[in-house]
Amino acid sequence: MKLALFFSQPYRKIAKDGLWDNNVVLTQNLALCPLLAVTGTATNGLGMGLATMVVMLASNGLVSVSRQLIPSEIRIPIFVLLIAALVTLVDIFLNAWMHELHKVLGLFIPLIVTNCVILGRAEAFASKQPVMPSIWDGLMMGVGFTLAMVVLGAAREISGAGTLFANASVLLGDSFRFMELTVIPEYKGFLLMALPPGGFIMLGFMVAAKRLLDKRAVAKQSPSLEIESLQLAEQDS
């Protein structure tokens, strides 16, 4: 397949939706349970985000491949079973190869099954689209979700403990130990930011910042749109 395909307009639209315009967390305000529960550190957010992204990518691809074979009356139960099987595989993989991280995230990994975003993308997009756009949609939605998890985790970790990517080597290996930083030396910590209420507060700032950036982008486009409308009016006259 040509790499240029992923730079075509439909694929760019899918990517922009997943990363920003229709971001799972910042726009749809979904998947808040794992978001608030495990983002005490950026490393936990990255691990949970990657696990969710793998499940979302694989489920979108499998649903798209089998969409012609599944009767519409029973498609939802089959989608749930498919997602549950994928989550079980991810859970076993983490337990076998990243046991220390699994001890932190283990309680929340099975809850990926109940993540309405995964079932929603399988039903709304993958069950109606070809394989490649569906896989691309799952990947971009997963990346958007992971980025939101990492940013929120980083903000909470810095404000709560003064560190960044603590225990990153547990997730990524000893080669990534350089990512474990002490941002604020001799910081005594701010307990509220390490607790779920701190996650709510920081998430509110992130959503507000996104909406502010969107408004500024629309305001910048408005003059050009007015000029185009005036030019069209002059041509008509």
Side-chain angles (χ1 to χ4, degrees), residues 2-39 42 45-46 48-50 52-53 55-57 59-60 64 115-130 132-159 164 193 196-237:
K2 295 180 180 178
L3 186 61
L5 175 66
F6 295 103
F7 295 97
S8 61
Q9 178 60 27
Y11 281 80
R12 290 207 306 270
K13 176 69 167 56
I14 293 173
K16 193 166 182 283
D17 275 346
L19 297 176
W20 187 258
D21 288 345
N22 201 24
N23 185 277
V24 171
V25 174
L26 302 179
T27 301
Q28 301 183 54
N29 297 131
L30 297 175
L32 298 186
C33 176
L35 182 84
L36 300 174
V38 305
T39 52
L46 179 61
M48 189 68 181
L50 291 177
T52 305
M53 182 179 70
V55 173
M56 193 178 298
L57 188 153
S59 65
N60 265 21
S64 179
N115 193 326
C116 52
V117 174
I118 300 175
L119 182 59
R121 298 314 297 177
E123 166 65 12
F125 193 94
S127 64
K128 303 178 180 64
Q129 299 292 334
M132 285 310 301
S134 299
I135 292 176
W136 186 244
D137 176 76
L139 178 62
M140 290 297 103
M141 283 289 170
V143 171
F145 178 66
T146 303
L147 289 176
M149 294 278 285
V150 172
V151 171
L152 181 61
R156 290 180 63 187
E157 184 179 353
I158 292 173
S159 58
L164 182 62
M193 300 310 298
F200 270 116
I201 294 171
M202 197 58 72
L203 177 61
F205 284 121
M206 289 174 59
V207 172
K210 180 189 182 300
R211 293 186 178 182
L212 181 61
L213 292 173
D214 286 341
K215 284 185 178 180
R216 287 185 176 180
V218 171
K220 287 183 179 178
Q221 291 177 354
S222 297
S224 61
L225 292 176
E226 292 178 359
I227 292 174
E228 289 180 1
S229 62
L230 289 173
Q231 290 175 343
L232 290 174
E234 290 176 355
Q235 291 175 1
D236 292 339
S237 62

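The figures that follow rest on heavy atoms only: side chains count, while hydrogens, waters and symmetry mates do not.
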Passing option when Met149 is tested against Val25, Leu46, Leu50, Val38 for side chain to side chain contact (heavy atoms under 4.5 Å, CB included): Val38

Val143 and Leu19: CA distance, side-chain angles, deciding distance, side chain to side chain contact (heavy atoms under 4.5 Å, CB included) verdict: CA-CA 7 Å; Val143 171; Leu19 297 176; 3.5 Å; yes

Student check: side-chain heavy atoms of Ile118 and Thr52 closer than 4.5 Å: yes

Arg211 atom CZ, over 12 foreign heavy atoms within 6.0 Å: no

CG-CE distance between Asn60 and Met132, expressed to the nearest 0.5 angstrom: 12.0 Å

Between CG on residue Leu26 and CZ on residue Phe145, distance to nearest 0.5 Å: 11.0 Å

Gap between atom CE of Met53 and atom CE of Met141 - 0.5 Å precision: 14.0 Å

Close side-chain approach of Asp17 to Met140, heavy-atom, < 4.5 Å: no

Side-chain donor-acceptor pair present, Trp20, Asp214, cut-off under 3.5 Å: yes

Short side-chain to backbone donor-acceptor contact, Ser64 and Pro130, under 3.5 Å: yes

Gly45 backbone acceptor or donor facing Thr39 side chain under 3.5 Å: no

Close side-chain approach of Met206 to Val151, heavy-atom, < 4.5 Å: yes

Closest non-hydrogen atom pair between Asn23 and Gly144, with its separation: ND2-O, 3.2 Å

Closest non-hydrogen atom pair between Val150 and Ala42, with its separation: O-CB, 4.1 Å

Minimal non-hydrogen separation, Arg156 against Leu35, with atom names: NH1-O, 4.3 Å

Over 12 non-hydrogen atoms of neighbours within 6.0 angstrom of NZ in Lys16: no

Nearest-0.5 Å distance, CD1 of residue Ile14 to CH2 of residue Trp136: 9.0 Å

From Glu157 atom CD to Met202 atom CE, the distance as rounded to the nearest 0.5 Å: 12.0 Å

Separation of Leu147 CG from Leu152 CG (nearest 0.5 Å): 12.5 Å

